[in-house]
Amino acid sequence: MFFTALTPLLPHYTQVAHLSKAGAGILVAAYPLGTLVGALPGGLLTGHLGYRRTVLLGLALMGASTLVFGWASAAAVLVSARFVQGLGGACTWAGAWPGWPPRRRRHGAGR
């Protein structure tokens, strides 16, 4: 949903931030780029922080960057906020992925 959520707002942000067609394309591409960049680190974070904490981190990143995006009018801030939204989305997906195997605990004496 977040990949295309920007589409109806694009004419408004093109005027407010004085974006060219290339700038509008960069703004649209910032979210999937953030998702791509954050996918593997999100999975690694899941291993270190756990599922719940990784999802909460992703939701916090998504929420904070959405607020920044909503109030921003400069092109660099808009693109950066959109990129961080992608990072947050990647962390949320990595932490909530149902395909992850459960953690194995080692049992036994001396371990």
Under 4.5 Å side-chain heavy-atom separation, chaining through any Ile, Leu, Val, Met, Phe, Trp or Tyr, what else clusters with [X]? Say none if it is isolated.
X: L36; answer: none
X: V77; answer: V68
X: V55; answer: L59

Given the rule in the side-chain contact (heavy atoms from CB on, under 4.5 Å) test, do W93 and T35 qualify, once you have shown the distances and angles that lead to the verdict? CA-CA 10 Å; W93 274 102; T35 303; 6.0 Å; no
Between L61, V79, T66, which is the residue that forms a side-chain contact (heavy atoms from CB on, under 4.5 Å) with V84?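 Result for side-chain contact (heavy atoms from CB on, under 4.5 Å) with V84: L61.
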If every non-hydrogen atom of [X] is compared with every non-hydrogen atom of [Y], which pair is closest and at what distance?
X: G58; Y: C91; result: CA-CB, 3.7 Å
X: V28; Y: P32; result: O-CD, 3.4 Å
X: V16; Y: S73; result: CG1-CB, 3.6 Å
X: M62; Y: Q85; result: CE-O, 3.4 Å
X: L19; Y: A75; result: CD2-CB, 3.5 Å
X: G43; Y: A94; result: N-CB, 3.6 Å

Sequence-distant partners of A24, side chain to side chain contact (heavy atoms under 4.5 Å, CB included), two or more places apart: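 Testing A24 for side chain to side chain contact (heavy atoms under 4.5 Å, CB included), a comparison that skips the adjacent residues, returns L10.
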Taking only residues two or more places apart in sequence, or in another chain, which ones meet A39 in a side chain to side chain contact (heavy atoms under 4.5 Å, CB included)?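 Per chain and number, A39 pairs via side chain to side chain contact (heavy atoms under 4.5 Å, CB included) with no residue.
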How far does [atom1] of [X] sit from [atom2] of [Y], to the nearest 0.5 angstrom?
X: L49; Y: T54; atom1: CG; atom2: OG1; value: 4.5 Å
X: R53; Y: L45; atom1: CZ; atom2: CG; value: 12.0 Å
X: L6; Y: L27; atom1: CG; atom2: CG; value: 5.0 Å
X: L87; Y: L57; atom1: CG; atom2: CG; value: 9.5 Å

Partner set under ring pair (Phe, Tyr, Trp, His ring centres under 6.0 Å) for F69, not counting sequence neighbours: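 With sequence neighbours excluded, F69 shows a ring pair (Phe, Tyr, Trp, His ring centres under 6.0 Å) to Y13, given in chain and number order.
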Would you say CG of L9 has more than 12 non-hydrogen atoms from neighbouring residues, nucleotides or ligands within 6.0 angstrom?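 More than 12 heavy atoms, drawn from other residues, nucleotides or ligands, come within 6.0 Å of this atom.
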Let me check something: do Y51 and L56 share a hydrophobic cluster, defined by ILVMFWY side-chain heavy atoms less than 4.5 Å apart, either directly or through other members?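 No, it is not one cluster - the side chains of Y51 and L56 are not joined through contacts under 4.5 Å.
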